[in-house]
Amino acid sequence: MSGDLSEKPDGPSSGAASSHDDSTSGHESTQNEKTGNHVSRLSSEHHDPSAIAKLDSHIVKVNDTKEDDVYAKLPPAEAQILRNQVDLPLVKGGIKVLYRYATTNDYLIIAVSTICAIAAGAALPLMTIIFGNLAGDFNNYFAGLTSRAEFNDTISHMVLYFVYIGIAEFVTIYISTVGFIYTGEHISGKIRAHYLEACLRQNIGFFDKLGSGEITTRITADTNLVQDGISEKVGLTLNATATFITAFVIGFIKSWKLTLILSSTVFAIVAIMGGSSTFIVKFNKQSLESYALGGSIAEEVISSIRNAVAFGTQDKLARQYDVHLAKAEKFGYRVKFILGVMVGGMFGIIYLNYGLAFWMGSRFLVKNEISLSAILTILMSIMIGAFALGNVAPNAQAFTTSISAAAKIFNTIDRVSPLDPTSDKGDIIPEVQGTIELRNIKHIYPSRPEVTVMENVSLVIPAGKKTALVGASGSGKSTIVGLVERFYDPVGGHVYLDGRDVSTLNLRWLRQQVSLVSQEPTLFGTTIFENIRYGLVGTRFEHEKEERLRELVVEAATMANAHEFITALPEQYETNVGERGFLLSGGQKQRIAIARAMVSDPKILLLDEATSALDTKSEGVVQAALEVAAAGRTTITIAHRLSTIKDADNIVVMTEGRIVEQGAHNELLAMNGAYFNLIEAQKIAQKEEMTPEEAAAMHHEDDKLVREMSRKSAHYMEDPDDKNIGNKLNRTETEKSKSSLALQGRTTGGVQHASLWTLIKLIASFNKPEIAWMFAGLLFSVICGGGNPVQAVFFAKNILALSYPLVIPGTDTEIPGAVGRIRSDVNFWCLMYLMLAIVQFTAFCAQGISFAWCSEKLIRRVRDRAFRTMLRQDIEFFDRDENTAGALTSFLSTQTTHVAGLSGVTLGTLLTVITTLVAAISLSTAIAWKLALVCTATIPVLLGCGFFRFWLLARFQQRAKKSYEKSASFACEATSAIRTVASLTREDEVLQQYISALNAQEKRSLNSVLRSSLLYAASQSLMFACVALGFWYGGQRIADHEYSMFQFFVCFSAVIFGAQSAGTIFSFAPDMGKAKQAAGDLKILFDRKPKIDAWSEHGEKLDRVDGTIEFRDVHFRYPTRPEQPVLRGLNLSVSPGQYIALVGASGCGKSTTIALLERFYDPLVGGIYIDGKEISSLNINDYRSYIALVSQEPTLYQGTIRENILLGADRDDVPDSEIEHACREANIYDFIMSLPEGFSTIVGSKGGLLSGGQKQRVAIARALLRDPKVLLLDEATSALDSESEHVVQAALDKAAKGRTTIAVAHRLSTIQKADIIYVFDQGRIVESGTHTELMTKGGRYSELVNLQSLGKTVAH
C-alpha cells in the first residue's frame, strides 16, 4: 500500500517549504529539475540499501525543447487552453510605438522643442563665419585697406553678433532641453502606468512563465530605457545633426574645393570612433561576463558564509574568485587601452586637419581662389561639424534599445488576459451558500505542460464544513486552491460554486467571496491597520467611515489572536511592517494575514499550509486562531502536519493528482491505508502532557548578568530599534537612559572619516609594483597637456604667413617672391603640425596604455583583498542589516571599480589640464600680457562650461533612473505578490497609488529640470560671450597698433581654445566623489579587526581530540539584537562518541549552541570547553578542522560534485578512495555513479540541479571527508519531505557512528535513538535523558512530542 504514496517527479522539492509563495509559484518551470523521480517505501524499509538506491533513479534533465512544441503532445483543445494562459502577442517595433500615449500637448511641446533644437544646432557653425570675418578684418586693417573708424565699427558689429548668437543659443537650448525631458517623463510615466495596469490584469499562469524578476526588470530598467530614448537624447541628436549640416553648408558656400578636401577628416573621425567603440563594447562585455562569474561565486560564498567559515575553505574559494578576476582584468585592460588610442587618434586628427587646411588653403589663396577669412571659417566649421557627428553615434544606440524595450512592454500591454479580474463580465450569485464541487477535473500548469497535476478528480466540498487535503508534496493539494480561486482554468472538467460553473461568474466578485491564507503570508509595506483593511477591498464595508473600519479591523485582529501583540507595539495598529513585513516574526505575520482574511467575513476560507512555516509554539497560537476563524464557513485546509487537521469533517488523501481515500480521521485510520501510513511516518510515541511553568525570575537574573557584562565591555549595548517587540524586561527608566547614552556614544564613534591623503596613500599602496608605469603615464600626461599651447603658436604663425600681402596695396602689381614666401612659410608650419600630431598621438596612446595597466591591476588587487577581508570577518559582521550578501556582492562589483578614480588616471587627467592652462597662460602673458589677462579671466567660465555640459547630461540620466526607484519598488512589491493582490482584488487600488506616486514624481522632477536646464543652457552659450570679450578687447589693442596679429592670435587661441579643450578632458575624468567614498568604505573594511579572526595564527594547536564537550554557565545574546537574551546559563556536557539531541521550541537557543560550538560567536559569560581546554584559547582554524557541520540549508557551490565534496578537506591531495568512502557513508555513492558524468556532474548554481535530499547528502559526504571528531547537525532534515528525509536520516545515523554528534531537531521522530536528549526552554536546559525516560517523566519533552504527534494514542 505504501507504494502509492510516491513522490510525484516534479513536485516542489521540499515538504514543509513547498513553494506557494506569492512571487514565483511552485509551478515555475525552474522547479522541474528539483526532485529526482523516486518511488519511496515508507518507514519500515528505509534501512535497506537497495531501497535507498531506488530513491533517486535519475535527475530530471532540464528541458531544452523549443517553445513551439511544448504543447504539441497534448490534445489540441487542452493545448489551446494552456496557450491562452501564457501566449504573448508580438508588437512590431517602430518609432511610432514610443509615442503611443502622447497627447496633443505633448506633440505641440515636441514640435516647439524640435525647432529650437535645430536652431541651436545651426547657431554654432555661424560663429565660425564671424570668427573668419574678424580675422579677415584684422588682416585688412594691417594691410591698410580699412580706416581706424571703419575697423572699430566692424569689430563692435561682429562682437555684437557673437552676443546675439549666445543669447539665441541660451533660449533655444533651454526650451528644447526642458521640452524633451518633460515630454519624455510624461509619456514614459503613462507607459509605466499602463504597463502596471496590464500586469495586474494578467492571469497567474502568465506570471509563472515570466517570473516576478522579469516584471521587476520591465518596470525598472525597460521603462527607463524607453524614457532615455524619448528625452533629452532626441534634442541632442537633432542639435548635432543640425550643426553637422549647417557646418558643411557654410563650408561649401565659402569654397567647395577646400571643404571637400577637409571632409576627409569627418570620415577619419567617424572611422576611429566607430571602429574603437565596437571593440570597446565587445571587450567590455567580455570583461563584465568574466566578472559576473566571479561575482556569482562571491555571492554564493557570502550567502553561505557560515559554511565557508566552518569548513575553513576561505582561501580555496578566494583563489577560485581570483581566477575570474584575472580574466576580467585582461579584457578590462584592452578596453582602457583602446580608449587611450581612440582619444589619441582624435587629437592627432585635429592637428592633422589644421595642417591640411592651411597647406591646401595657402595653395588656393595664392591662386586668389579664396580669402584668409574663408580658410579660417571652413577650418573651424568642419572641425565643429565632425565632432557633432561623433556625438550622434552613442545616442543612436539609445534609440534602438528604447524601441526594443518598448516592444517588450507593449507586448504585455496588448495582451488580452484569459482571466481578467478587472472586467465586469460574468454573473453574480445573490446569496452564496458556499458549496464547492470539482467535477472530472484534469489540470496541467501552463508553465509545465509535460506534467499532468490532476487527473479526473471529482470532489464535493459541502457548505459550512471543514475539509482537509493531505498527501505528499506535489500530489495536487494546492492546485485545488488555485482552481477555487480561479487562478488557473483546468484543461478538463469544471469547478462549481453553489451549482454554478465558476467560469460563468464574475471573476472579481468570485475572489471577493473567498479568502486565502497562504503558507508564506505576504504583507505590504504599510501599517498593520492598512494591511488588515486590504481584506475589505471590494466588499460592502470598503467605503465605511474610519471609526467603523477601525472596529472591523480590531475585531478581526482579536479573532486572529493578534490584537494583544499589536497593542504591545509602541505605535500599535499604526506600526509600519516594513517591506514584505520583514519586521515581524513568522507567527505575527501569519496572524495578521489571518485577520486580513477574516475581516471581510468571507463565505469560503482557503488555508494553504497556513502553519507549516511556524515552530510548534507559534503554531499552537495560530492554529487556535484558525479554528475560531473556520467556524461556520466552508473551509478548505491543506496541511503537512497532520496533527492540525484531526477534527476536520472530511479528510481527503491525494496522491499523484488523484484522490485515494476520504473520510473522517478515525474512519481513515481504521482503513489502514494511505492516511494511516502518512500518520505512521510522522508518528512519535507519546504520553500525557503537562503544562510548562514560566520563569520570570530567570529573565531578571539573566538581565542583571548581561548588564554587568555591558558595563565591563562598552561595545555591547541595547539596540534602540528593537525595544518594541517582545521586550518583557521591565527596565527602569534610568537604566534605559544610561544605555541609550552609551549607545549614542557608540554610534558616533563608529565611523572614522579618513583624510583624502590617507585614502590616496591606501590606493597607491595597491599600485606599488607598477610605479614605473605610473611615472611614465604622468610624464606623457604632461606632454599631452602641452599640445594646445604649442598648437596656438603654429596657428598664429600660419595666419601670419597667410596674411602676407601678395600685391602692393592700392595697385595690382604683384610683390616679387611673395608667393614663394607664403608657400614656404606655410609648408614649414604645416609640417610642424604633422610633427605635433604624431607626438600627441604617441603621448595619448602611451598615457592610455600605462594607466590602463595600472588601474586594471589596481581593481583586481582591491577586489581580491576586499573579498578575502570579507571572508576573514566573523559571523557577527554578516548578521548586520547593512551586510547582506547582495550588498557585499554589489560592493565588490561596483565600489572597487570606482576606486580607480583616485589612482593614476585621474592624476594624469589633472596634470594634462593643469599643463594646458599653465602653459597657455605663461605663453600668452609672455607675448601680450594685457590681452592675456583679459582672456585668463574667462578661464573659469570656459572650464565650467566644458565640465558642466557633460556632467549635467550624465546627471539627467541618473536623475531619471533614481527618481523612479521608489515607485518602481512599490510596483514590484505588488507584482511579486500577485497572488495576494489577486485574491484580495486590490488591483485598482494598487494602480491608483502607483499613478499618484508617478504624478508626484513628475512634478518634482519638472522643478529640478527647470533649474538644471538653466545651468546646461548657460554652459552651452557662455562660450560665445567669452569669445566676444576676447575679440572686442583684442580689436581695441590692435586698433591702437599695440599688438600685432601674431600676438593676438597666439593669446586668443592659446587661452580660449585651451580652456575649452581642458573642460572637455575634465569630463572624461572618472568620478572623484564616488572614488573618495569607495576608498573610504574600503579603508573601513580593511581596518576592521574581527573579534574572532579566521586568519590569526595565535592559540594552541591540538594534537588530537577525544570529543568531550562542556558548556559551563554560558550566557549569550546576538550582537545585533542585544535586548533579546538567547542563552541564559546553559550547562551541558557531552562524552566522547555520544549522540546528543537538542530539542525545544524555535528561538530557544538550540541552533545558537551549535554556532557557539563552531565559535562563530563568543559567549558573553561562561565558557565552552573541548577536552578540558577553553575553545577561545585554541587556534581557531586548527580547532574547526576537528568539527564538521551539516546545516539546514545545504550549501553547494557552482562546479562539479567532486569539487564540492573536496571543499570538506583542508588539504589538496585527497585520494579518490577517501572521497568514495565518504560518499558511501553518506548514502550517495550509488546515486553519483548512476549519473552519466559521475563525479564530474555540474551541480548548477547553489546546487539547483539536485533535489533537496541529494544536496543534503552531498553536504554530508563533504562533512565526512574531513573525518571529523565532532559532528554537528543543525536541523539537517527539516527542509525535506518525509521521503527524502528517510534516506538522509539513514545517512546521518551511519555518519554519527563512532563520533561525538550533536543534533538539533525540529521533527522529534528523527532523534528518538539519541543517547541523551536535552530539552531547551528560554535559553537553558529544563530536562535531559533518553526518549523513554523523558516520556515517562511527562514534562516539557512529552508536551513537545504531543504537539507534534497524531492519531489515537497507541500504546507503545
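Every heavy atom of this structure was used, including side-chain atoms; hydrogens, water molecules and symmetry mates were not. Not measured: the values here are computed from a predicted model.
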Pair listing, salt bridge (charged side-chain N to carboxylate O under 4.0 Å, His left out) test, anchored in residues 247-274, at least two apart = Lys257-Glu369

inquiry  = Would Lys797 pass as a cation-pi partner of Phe1046, given that its NZ or CZ must be under 6.0 Å from the six-membered ring centre and within 45 degrees of the axis?
reply    = yes

message = I'd like to know if the side chain of Ser1013 and the backbone of Tyr1016 have a donor-acceptor N/O pair within less than 3.5 Å.
response = no

ask   = When Phe1031 is tested against each of Phe1049, Phe131, Tyr161, Phe1024 for ring pair (Phe, Tyr, Trp, His ring centres under 6.0 Å), which residue passes?
value = Phe131

Aromatic ring proximity, centroids under 6.0 angstrom, Tyr354 and Phe794 = no

key: Residue pairs passing the side-chain hydrogen bond (donor to acceptor under 3.5 Å, both in side chains) test where at least one lies in residues 124-142, sequence neighbours excluded   = none

key: Pair listing, ring-ring contact (aromatic ring centres under 6.0 Å, His included) test, anchored in residues 228-248, at least two apart   = Phe244-Phe248

Non-neighbouring partners of Leu831 that pass side-chain contact (heavy atoms from CB on, under 4.5 Å), sequence neighbours left out = Leu834

ask   = Which class fits the ring pair Tyr174 and Phe170: parallel under 30°, tilted 30 to 60°, perpendicular over 60°?
value = parallel

key: Sequence-distant partners of Tyr1043, ring-ring contact (aromatic ring centres under 6.0 Å, His included), two or more places apart   = none

query = Do Arg334 and Ile280 touch side chain to side chain, with heavy atoms closer than 4.5 Å?
reply = no

message = How long is the straight-line distance from OG of Ser264 back to CG of Asn353, given to the nearest 0.5 Å?
response = 7.0 Å

is_close_aromatic(Trp853, Tyr333), centroid dist under 6.0 Å = yes

query = According to the side-chain hydrogen bond (donor to acceptor under 3.5 Å, both in side chains) rule, which pairs have a member within residues 372-383, sequence neighbours left out?
reply = Ser371-Ser373

